[in-house]
Amino acid sequence: MSDVNRRGLLRGAAAVAGGAVLGGPFLGFAARDAAGAAGRRPRPRPALEPVPDLRDGKVRLWLPDGFRYRSFHDTEFPVTLDDGTALPGRHDGMGAFPGPGGTVRLVRNHEIGGPIPAFGDPAEAYDPMAPGGTTTVEVTRFGEVRRSWTSLNGTMMNCSGGRMPWGSWITCEETVNGPDVGPDYTGAPNVSLTKRHGFVFEVPADGRGDRRPVTAAGRFCHESVAYDPRGGHLYLTEDNFGYASGFYRYTPPKDPMRVGRLADGGRLQMLAVRGRPNRNLAAAQRRHATYPVEWVDVDDPAPSFPYTPGQPAPTPNDTALTHVARQGWEQGAAYFSRLEGAVYDDGVVYFTATQGGGPAETSVGPIADGYGNGHGQVWAYDCRARVLRLVYESPGPDVLDFPDNVTTSPRGTLVVCEDNTSDNFIRGLTPRGELFDIALNRLTSSTGADRSNDEFAGSTFSPDGHTLFVNIQASRGMTFAIWGDWARIGV
């Protein structure tokens with residue numbers, strides 16, 4: 001029996017025995033163990049098997065029987081976009097929108113850091129010495145590229161973001177670098193940067209972003225966002241690797257559903273558990289943990305720090321990293337572990353805590369190996385009831401290991417990307433609380449080197465639900481289009 005199959009058997013037993021699941025308005029997630037649901041056994045799922053890539057016949061993914069895929073924009077070799085841009089790597093968060101003639105428009109992040117020249121046209125860059133941003137590609141439902149271009153450049157560490165219902169992608173910078181902040185963990189000086197970073201930017205699906213950050217939505221290590229069109233709030237996750245992270249909401253001054261954009265100048269707030277100041281939600285939780293919440297104001301969401309141009313800034317990077325969060329902590333805001341993917345569905349925002357669920361840390365940081373000692377949590381926030389619930393907490397790495405980006409299928413299944421240093425899967429978490437495998441990375445380089453530990457990122461379904469698009473987040477990134485009978489496997 002292969003290690004992959006052995007791990008699958010372990011996961012099948014532990015996924016329903018060890019994970020917590022929800023009830024109430026959370027898309028029918030059962031408020032009991034799936035194993036104890038009137039004696040019902042977990043639904044049988046097809047095993048994963050090697051499937052050749054329709055691009056060139058090479059096996060890059062294992063999928064259920066009958067599923068197919070095509071990869072594109074593989075930066076192991078140079079790729080040039082239609083506007084002449086050399087496509088960067090580190091394909092990360094991504095949103096899918098309707099395109100012309102039945103195509104799909106994908107707005108895709110590139111999580112690249114360091115003070116190095118921007119890709120694309122430097123005259124259009126937000127900061128000419130920042131190498132991140134977004135590219136947009138029009139593809140068929142079967143992953144055939146029709147057109148592509150640079151849609152935002154000169155930003156930094158564009159990790160994930162969120163698809164907005166008015167037709168835009170909000171891209172997030174996972175850094176607070178700038179000329180006013182000292183070097184980050186890489187040690188690279190920020191002297192050559194011309195702008196502050198750590199913001200969110202809007203990119204229309206059919207064009208290019210205007211390179212204006214929404215500063216009132218905070219300057220911190222943004223990961224992803226999800227918009228609630230009923231309540232009018234943008235929910236934001238923070239992935240502060242070495243410190244406790246926060247869950248935020250931004251209320252814009254104008255209704256974006258009416259004005260067609262996310263306006264600056266609104267109010268930023270941070271989640272706190274009502275009556276339990278500084279509740280440590282990064283630590284292991286009781287089954288079906290449920291918390292009523294409140295929101296505390298952040299009065300200085302977009303700080304600038306003193307500096308002299310051309311000289312290293314005196315403010316340490318760690319000070320800048322926690323400036324926004326500390327304002328919330330002082331008012332009792334909750335501690336989470338590395339909040340990453342977020343998605344809105346039917347009144348609920350689902351989000352992942354990558355290292356949540358283990359023994360509690362003894363401080364808010366810094367923690368050298370990342371804040372949190374578990375293998376991952378999935379949370380859900382009911383926007384109307386103002387209630388936070390634990391959807392799932394991994395009992396160990398053989399079950400779910402470091403959940404990252406997340407989306408929902410047309411049938412309400414959560415689709416979760418793993419980001420660990422071993423086998424990386426795309427997982428499904430069903431309304432019955434069952435965790436199962438959708439895809440497995442089996443990449444090798446052109447020289448035969450193993451790349452199975454490259455992470456999945458940016459999972460997003462085409463508007464018609466036919467195709468799951470997903471990225472490999474690596475210096476030699478690529479995008480996959482995956483299709484098959486999703487209903488048959490419960491996605």
With the side chain counted from C-beta on, respond yes when Glu202 and Val214 share a heavy-atom pair under 4.5 Å apart, and no when they do not.
-> no
Residues at least two apart in sequence or cross-chain that pass salt bridge (Lys or Arg N to Asp or Glu O under 4.0 Å) with Arg451, listed by chain then number, are Asp454
Residue set satisfying side-chain contact (heavy atoms from CB on, under 4.5 Å) with Ala439, at least two apart, ordered chain then number -> Leu63, Ile426
- prompt: Between the main-chain N or O of Lys58 and the side-chain N or O of Asp53, is there a donor-acceptor pair closer than 3.5 Å?
  reply: no
Quiz item: Going by heavy atoms in the side chains, are Phe351 and Glu223 under 4.5 Å from each other?
Solution: no
*asked:* Under 3.5 Å, is there a donor on one side chain and an acceptor on the other for Ser422 and Asn420?
replied: no
Quiz item: Are the ring centres of His197 and Phe199 closer than 6.0 Å?
Solution: no
What orientation do Trp483 and His466 show, parallel under 30°, tilted 30 to 60°, or perpendicular over 60°?
parallel
We want to know whether Arg108 and Thr479 form a side-chain donor-acceptor pair, criterion being a heavy-atom distance below 3.5 angstrom. yes
Answer yes if the ring centres of Phe461 and Trp486 are under 6.0 angstrom apart, and no otherwise.
yes
Determine whether a donor-acceptor pair (N or O, by modelled atom type, separation under 3.5 Å) exists between the side chain of Gln355 and the backbone of Ala353. no
| Would you call Asp437 and Arg427 a salt bridge, taking side-chain N to carboxylate O under 4.0 Å as the test? | yes
- Query: Counting N and O atoms only, with roles assigned by atom type, does the side chain of Arg276 sit under 3.5 Å from a partner on the main chain of Asn280, one being a donor and the other an acceptor?
  - Reply: no
Between Trp295 and Tyr381, does the ring centroid distance fall short of 6.0 Å?
yes
Any side-chain heavy atom of Ser445 within less than 4.5 Å of one from Arg476?
yes
*asked:* Angle between ring planes, Tyr69 versus Phe480, binned at 30° and 60°: parallel, tilted or perpendicular?
replied: perpendicular
Next item on the list: Kindly indicate whether the side chain of Phe456, heavy atoms from C-beta on, has any atom under 4.5 Å from the side chain of Ile472.
Entry: yes
Check: Trp169 ring centroid to Phe201 ring centroid under 6.0 Å:
no
Next item on the list: For this output row, return yes or no: ring centroids of Tyr185 and Phe241 closer than 6.0 angstrom.
Entry: no
Distance-only donor-acceptor check, side chains Arg267 and Thr251, under 3.5 Å: no
Interatomic distance, CD@Glu330 vs CG@Asn278, rounded to 0.5 Å, equals 10.0 Å
Do NZ/NE/NH1/NH2 and the carboxylate oxygens of Arg219 and Asp180 come within less than 4.0 Å? yes
Under 3.5 Å, is there a donor-acceptor pair linking the side chains of Asp74 and Ser71? no
Discussion item. Tell me if the centroids of the rings in Phe220 and Tyr248 come within less than 6.0 Å of each other.
Written reply: yes
One should read off an interatomic distance between Arg279 CZ and Tyr291 OH, to the nearest 0.5 angstrom, of 4.0 Å
d(Asp401 CG, Thr421 OG1) to nearest 0.5 Å is 7.0 Å
Taken in chain and number order and not counting sequence neighbours, the residues that satisfy side-chain contact (heavy atoms from CB on, under 4.5 Å) with Asp369 are Ile367
Can you classify the ring geometry of Tyr335 versus Trp329 as parallel (below 30°), tilted (30 to 60°) or perpendicular (above 60°)?
perpendicular
